[in-house]
Asker: 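Questions regarding the structure given below will be posed in turn.
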Amino acid sequence: MRSSNPVFSRRGFSRDNGYAQFNAQQPQAGGPAVGTAQGNPYAQAPAGNPYAQNPYAQQDVQYGAPQAPATGRMTIDDVVTRTATTLGLLIVTAALSWALLPIDEANMGKSYGIAIGAGLVAMVLGFVQAFKRKASPPLILAYAALEGVFLGVLSSIVDTYIAPGAAMQAVLGTMAVFTAVLVAYKAGWIRVNRRFYGFVMAAALGFVLLMAVNLLFAVFGGGDGLGFRSGWLGVVFGIAGILLGACFLALDFKQVEDGIAYGAPKEEAWLAAFGLTMTLVWIYMEFLRLIAILQGND
């Protein structure tokens, strides 16, 4: 199970010739788990089973095929516990940075510099974990702590100088999106299949490329770059970013559902928590930016 988030890295889907694929038999939200070797990426032959060559895969005594481990499988409780731990640490460090790093005129530069440094290190740690084969809890927790420092200072600045109350509004908006997507997914209104996955990845790639180009124009040309993050275009791209984050949430839920249904190792719960945390941070940032644009134009 690779994390399903803006770094475009995902596990839980079988791969053939390098292309991500969904299995023919997939568990649907609220439906029974699929346990056959044909539909289970955790019980396939080595070519299709990401766990066939690690200590978690076991040999079937009768047929010699690698099977999902009988014990130590990931459960929903594992995912909830690790996600709560990761998000909890992020929230604590965000609150501490908000309270302890002053943003008055005399200290703004220093606090902002600390936040940017923490954000860059968190981004590097996020990419390192995204491309690792196994979850590293210390790496994931370090990412959460540093990301919290960045979000705390940034939120404090926006809330104080640009849009009072924006941080709480962004938190409520993020919670609302999470709840809505979870309800829609469990009700079967959202079907995560190969087409959905391809559409989301293509949209995310286009979105990130446009934002990167806009950033380059802003750095070298000054101002707001191409204007993708200000004015009415900023509102449009802010809404698009939130919708894209909602799609990532659906992919995260699919990742968790498949991992539980197919008997993923318990350690994979950390990757699920990592993916969910990154997605929620993405949505929060888009809400914060959107609210800042809307209130800043008042």
Asker: Is there a side-chain contact between Leu251 and Thr279 in this structure, where contact means two heavy atoms from C-beta onward sitting under 4.5 Å apart?
Answerer: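 They are not in contact (no side-chain heavy atoms under 4.5 Å apart), so the answer is no.
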Asker: Under 6.0 Å between the ring centres of Tyr143 and Phe127?
Answerer: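 Not under 6.0 Å, so no.
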Asker: Taking C-beta and beyond as the side chain, do Leu210 and Phe237 meet within less than 4.5 Å on heavy atoms?
Answerer: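 Contact flag for Leu210/Phe237 side chains = yes.
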Asker: Assess whether atom CZ of Phe196 is packed by more than 12 heavy atoms of other residues, nucleotides or ligands within 6.0 Å.
Answerer: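 Yes, enclosed.
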Asker: Looking at Thr93 and Leu89, would you say the former's side chain and the latter's main chain have a donor-acceptor pair under 3.5 Å?
Answerer: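 Yes, because the side chain of Thr93 sits within donor-acceptor range (under 3.5 Å) of the backbone of Leu89.
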Asker: Show the nearest heavy-atom pair for residues Tyr185 and Ile190, with the distance to one decimal.
Answerer: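 Result for this residue pair: CD1-O, 4.1 Å.
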Asker: Show, in sequence, the C-alpha distance, side-chain angles and deciding distance for Ile140 and Leu125, and conclude whether the side chain to side chain contact (heavy atoms under 4.5 Å, CB included) test is met.
Answerer: CA-CA 8 Å; Ile140 293 171; Leu125 294 179; over 6 Å; no
Asker: To the nearest 0.5 Å, how far apart are CG in Asn107 and CD1 in Ile114?
Answerer: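 If I round to the nearest 0.5 Å, the distance is 9.5 Å.
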Asker: Same hydrophobic cluster for Ile291 and Val235, using side-chain heavy-atom links shorter than 4.5 Å among ILVMFWY?
Answerer: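 The answer is no; the residues belong to distinct hydrophobic clusters.
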Asker: With rounding to the nearest 0.5 angstrom, report the CG to CG distance, Leu205 to Leu209.
Answerer: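 One gets 4.5 Å once the value is rounded to the nearest 0.5 Å.
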Asker: Please report the interatomic distance CG(Leu146) to CG(Leu151), rounded to the nearest 0.5 Å.
Answerer: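 That separation rounds to 11.0 Å.
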Asker: State yes or no: do Leu101 and Leu154 share one hydrophobic cluster built from I, L, V, M, F, W and Y residues joined by side-chain heavy-atom distances below 4.5 Å, directly or via other members?
Answerer: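 Per the 4.5 Å side-chain linkage, Leu101 and Leu154 are co-clustered.
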Asker: Would you kindly say whether Asp78 and Thr75 are connected by a side-chain donor-acceptor distance under 3.5 Å?
Answerer: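 Per modelled atom types, Asp78 and Thr75 side chains form a pair under 3.5 Å.
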Asker: Ignoring hydrogens and angles, tell me if any N or O in the side chain of Thr86 forms a donor-acceptor pair with the backbone of Phe274 under 3.5 Å.
Answerer: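 No, the answer is negative, given that no donor and acceptor are paired below the 3.5 Å cut-off.
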Asker: Decide yes or no on side chain to side chain contact (heavy atoms under 4.5 Å, CB included) for Phe150 and Ser97, but give the supporting numbers first.
Answerer: CA-CA 8 Å; Phe150 171 73; Ser97 63; over 6 Å; no
Asker: Do you know the tightest heavy-atom contact between Asp159 and Ala167?
Answerer: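 For Asp159 versus Ala167, the nearest heavy atoms are OD1-N, 3.1 Å.
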Asker: Find out if a path of hydrophobic residues (ILVMFWY) with successive side-chain heavy-atom gaps under 4.5 Å connects Phe253 to Leu87.
Answerer: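 Phe253 and Leu87: one cluster.
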Asker: Is Met168 linked to Ile91 within one hydrophobic cluster, defined over Ile, Leu, Val, Met, Phe, Trp and Tyr using a side-chain heavy-atom separation of less than 4.5 Å?
Answerer: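 Met168 and Ile91: separate clusters.
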Asker: Is Ser111 reaching over with its side chain to a backbone N or O of Met108, donor-acceptor style, under 3.5 angstrom?
Answerer: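 Such a contact is absent between Ser111 side chain and Met108 backbone.
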Asker: Can you give me the closest heavy-atom contact between Val281 and Glu147, atom names plus distance?
Answerer: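 It is CG1-OE2, 3.6 Å.
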Asker: Please report the closest heavy-atom contact between Leu271 and Ala135, naming both atoms and the distance.
Answerer: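 It is CG-CB, 3.7 Å.
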Asker: Would you confirm whether Gln295, through its side chain, and Ile162, through its main-chain N or O, come within 3.5 Å as a donor-acceptor pair?
Answerer: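 No, Gln295 side chain to Ile162 backbone: no donor-acceptor pair under 3.5 Å.
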Asker: So Trp282 and Phe248, would you call those rings parallel, tilted or perpendicular, with 30° and 60° as cut-offs?
Answerer: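 Perpendicular, since the angle between the ring planes exceeds 60°.
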Asker: Determine the minimum heavy-atom distance between Ala163 and Ala292, stating which atoms define it.
Answerer: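 Heavy-atom minimum between the residues: CB-CA, 4.1 Å.
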Asker: Find the distance between CZ (Arg82) and OG1 (Thr277) and round it off to the nearest 0.5 Å.
Answerer: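 Going from CZ on Arg82 over to OG1 on Thr277, the span is 13.0 Å.
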Asker: Taking Val80 as the fixed residue, which of Thr83, Asp77, Ile76 is the one that meets the side chain to side chain contact (heavy atoms under 4.5 Å, CB included) rule?
Answerer: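 Exactly one option meets the side chain to side chain contact (heavy atoms under 4.5 Å, CB included) with Val80, and it is Ile76.
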Asker: Where is the tightest heavy-atom contact between Ala166 and Val158, given as atom of each residue plus distance?
Answerer: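 Smallest interatomic distance, heavy atoms only, reads CB-CG1, 4.0 Å.
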Asker: Under the side chain to side chain contact (heavy atoms under 4.5 Å, CB included) rule, what do Gln129 and Trp270 come out as? Steps first, then yes or no, please.
Answerer: CA-CA 11 Å; Gln129 177 56 73; Trp270 278 109; over 6 Å; no
Asker: Judged by atom type as modelled, is there a donor-acceptor pair below 3.5 Å linking the side chain of Tyr161 to the main-chain atoms of Ile103?
Answerer: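 Checked: pair present.
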Asker: Measure the spacing between CE of Met175 and CG of Leu280 and express it to the nearest 0.5 Å.
Answerer: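 The CE atom of Met175 sits 10.5 Å away from the CG atom of Leu280.
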Asker: Please report the interatomic distance OG1(Thr174) to CD1(Ile242), rounded to the nearest 0.5 Å.
Answerer: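 One finds 8.0 Å between OG1 of Thr174 and CD1 of Ile242.
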Asker: Given the rule that I, L, V, M, F, W and Y join up when any side-chain heavy atoms are under 4.5 Å apart, are Val153 and Val92 in one cluster?
Answerer: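 Different clusters: Val153 never reaches Val92 through Ile, Leu, Val, Met, Phe, Trp or Tyr contacts under 4.5 Å.
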Asker: How about Leu172 and Gln169: do any of their side-chain heavy atoms sit closer than 4.5 Å?
Answerer: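 Contact flag for Leu172/Gln169 side chains = no.
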Asker: Taking the side chain as C-beta and beyond, is there a heavy-atom pair between Leu139 and Lys132 under 4.5 Å?
Answerer: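 A side-chain contact exists here, since the closest heavy-atom pair is under 4.5 Å.
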Asker: Any luck finding a side-chain donor-acceptor pair between Tyr284 and Ser155 under 3.5 Å?
Answerer: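 There is such a pair (donor and acceptor under 3.5 Å, judged by atom type) between the side chains of Tyr284 and Ser155.
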